[in-house]
Amino acid sequence: MIVTRFPPSPTGYLHIGGARTALFNWLFSKQQGGKFILRIEDTDEQRSTDDATAAILESMEWLGLSWDEGPYFQSRRYDIYNEVIDRLIADGQAYHCHCSPEDLERQRQNARSKGLKPKYDGTCRDLGLDPAPGSVVRLKIPLSGITQFIDLVKGPIRFDNEELDDLIIRRSNGSPTYHLAVVADDISLGMTHVIRGDDHVNNTPRQILIYKALGEPIPKYAHLPMILGPDKTRLSKRHGAMSVLAYRDMGYLPHALLNALARLGWSYGDQEKFSMEEMIAKFSLESVGKAAGVFNAEKLLDLNAWYIRESSDEFLAEQLTPFLETQGFTNLDAGKVREVVSILKVRSKTLVEMAEGAHFCLAEEITYEKKGDDKFLKPGVLELFEDLNNRLAAMPEFNQESIEKLFIDFLEQKEIKLRKLAQPLRVALTGKTASPGIFEVMEILGKEKVVERIRKAAAHIKNKKQDA
RNA sequence: GUCCCCAUCGUCUAGUCAGGUCCAGGACACUGGCCUUUCACGCCGGCAACACCGGUUCGAAUCCGGUUGGGGACGCCA
């Protein structure tokens, strides 16, 4: 059985790069009928926080990237790492090093000045030193030869062992370092596939060498291309909202984000939209591209609008509710929400936008947008409003069809075009110059509210006249 | 600096492994039009790319070499 994992370090929020890595691991394991493990890499006590861990779990749950095992916390697995390190020392594969951080800095400077790669010079490698305060444990890297692997997305990659130095596997404070912990965990959890960001390519030979020193089978590797900001540099905070939770709060549907992420680096012919089932069925590491790519926020927005349009009213009403609540609506009428959702979904790109669009229907009072007020609520419409309102008030049945019929007669009598009446009415009824169709708006509002709002608009116009 | 990786429209990409069907296809964005009670949706159209130079070949976006450009890594971070 194949086993994949997503191992974030809890030093910040889950951003879209990490989310994509998690998604690809998840897709691959689902497709192969394997197992997907979540592991929190919190060996850096200084920078790891519980808040970050919580945010990561929340993000994963919101995205629906469920894990089959874990979350494991590396900070609670030190016994495993220590056993591995001690074994390496006992086997002569690792040694105690007494060089100070200052020594190391000097060595790096030295190498750099000679135009070489900065690295440890191996001072303590063959000294047979005992542990001492401040000492670390290093792995013996072969002095020559090459280490190579076949990357499932990039193809064969090889490194000269001379490029590598004896990496530290146990810090002076006794804790294991990243490379050691990752390998020890991946061995103990039975990892078969390591799917991770491009930035780990250079780490791979070191990790392979740890497997070799341990005599353990080496997993398959797949390195995903980096996600870049619009300026083509590595994604970071200054590129704006990159946290998964920020997208949730901006009103994106998890499926839309997932779809956008999947298409960043992976493709399936010309297909742009995938249900989760399709994504799982069609995903393959082979069709992951090699080149780094820029995250296209506009495409995500378009995708989000599309998924909103395609979703059921029930689902959307449920998704929309938290947004309505943050906008101050309480005791929502579920039926009302569903109704307004159904006419709003074709014109909402995000749930935030949709919640704003729902105001006219859910709020008791509306306020007129200045632009619409000035342009359409003018004395010229007063008489139309009053006449129309009398007729509307007398309607026995108040639905789109009957309203439209009444309008046809009314417009004919007054000899005006619908557009002359619709815009002023729209402002009177919704406060805005853009809204769903005017008949839809009227039906959803109901006769009582419609009549009242038209009356208020008329009064408002008269007021303006007096002021002027 | 050293090593590793990469290179098709502004962006995401198809095509590259098995060279001709590609004067390069799709999507987003932008844009012209149609529809229309506004805003959207929808529909029709437009703009726009094989980084460069050599080589192999009857023929190269596709294969090879180099150049340039970009990204990544060089931590007692992960």
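We name chains A, B, ... by the order of the sequence lines, and we start the count at 1 in each one.
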note: K345(A), atom NZ; C41(B), atom P; distance rounded to Å ~ 16 Å
Name the nucleic acid region contacted by I438(A), choosing base, sugar-phosphate or nothing; use a 4.0 angstrom heavy-atom cut-off, strictly under.
base
> Expressed as a whole number of Å, how far does the P atom of C77(B) sit from that of C30(B)?
Replying inline: 47 Å
Result for 5'-nearest mapping on RNA chain B, choosing between R309(A) and L418(A), is L418(A)
Next on the checklist: Tell me if a side-chain donor or acceptor on R138(A) pairs with a main-chain N or O of C97(A) at a distance below 3.5 Å.
Outcome noted: no
Would you say that H179(A) contacts V183(A) through its side chain, given a criterion of any heavy-atom pair below 4.5 Å between the two side chains? no
If I pick the P atom on C52(B) and the same atom on C74(B), what distance separates them, to the nearest angstrom?
33 Å
To the nearest angstrom, the CG-C1' distance between D270(A) and G26(B) comes to 4 Å
When rounded to whole Å, the NE2 to P distance for the pair H223(A) and C4(B) reads 15 Å
Problem set entry | Distance between P atoms of C58(B) and G72(B) (Å, rounded) | 43 Å
Next item on the list: Would you mind classifying the nucleic acid contact of G134(A) as base, sugar-phosphate or nothing, using non-hydrogen atoms under 4.0 angstrom?
Entry: base
E298(A) CD to C28(B) C1', in whole Å, measures 7 Å
- Query: Can you find a pair of side-chain heavy atoms, one from V194(A) and one from R5(A), that are under 4.5 Å apart?
  - Reply: yes
Whole-Å distance, Q109(A) CD to U2(B) C1', equals 15 Å
Assert: residue with more 5' nearest nucleotide on RNA chain B, out of P225(A) and E440(A), is P225(A)
Please work out if N296(A) contacts a base, only the sugar-phosphate, or nothing of the nucleic acid, heavy-atom cut-off 4.0 Å.
base
Q) How would you label the contact of Y178(A) with the nucleic acid (heavy atoms, under 4.0 Å): base, sugar-phosphate, or nothing? A) base
Give a yes/no answer on whether the side chain of R206(A) brings an N or O atom under 4.0 Å of OP1 or OP2 in A73(B).
no
Considering only the C1' atoms, how many Å lie between C76(B) and G71(B), rounded to the nearest integer? 27 Å
*Rounding to the closest angstrom, what is the interatomic distance between C64(B) and C6(B) at atom P?*
12 Å
Check your understanding: With a 4.0 Å cut-off on heavy atoms, is E272(A) in touch with a base, just the backbone sugar-phosphate, or nothing at all?
Key -> base
Under 4.0 angstrom, heavy atoms only, what part of the nucleic acid is N203(A) near: base, sugar-phosphate, or nothing? base
When rounded to the nearest Å, what value does the distance between P atoms of A27(B) and G42(B) take? 12 Å
Point to revise | N/O (side chain, S267(A)) to phosphate O (OP1/OP2, A14(B)) under 4.0 Å | key: yes
Atom CG of N161(A) and atom P of C4(B) are separated, to the nearest Å, by 13 Å
Just to confirm, is there a sub-4.0 Å distance from OP1 or OP2 of C4(B) to any side-chain nitrogen or oxygen of R158(A)?
no
Distance col, row F398(A):CZ vs M442(A):CE, nearest 0.5 angstrom, shows 4.5 Å
Quiz item: Which value, in whole Å, describes the distance between the C1' atoms of nucleotides U13(B) and A61(B)?
Solution: 14 Å
When rounded to whole Å, the NZ to C1' distance for the pair K273(A) and C28(B) reads 10 Å
Requested in this report: Give the ring-plane orientation class for Y247(A) versus Y252(A), where under 30° counts as parallel, over 60° as perpendicular and anything between as tilted.
Outcome: perpendicular
note: K232(A), atom NZ; U11(B), atom P; distance rounded to Å ~ 5 Å
| task | Rounded to whole angstrom, note down the C1' distance from G69(B) over to A24(B). | result | 23 Å
Exercise for review: Determine: side-chain N/O of R419(A) to OP1/OP2 of U38(B), distance under 4.0 Å, yes or no.
Suggested key: yes
Between the CD1 atom in I416(A) and the CG atom in L421(A), the distance rounded to the nearest 0.5 Å is 5.0 Å
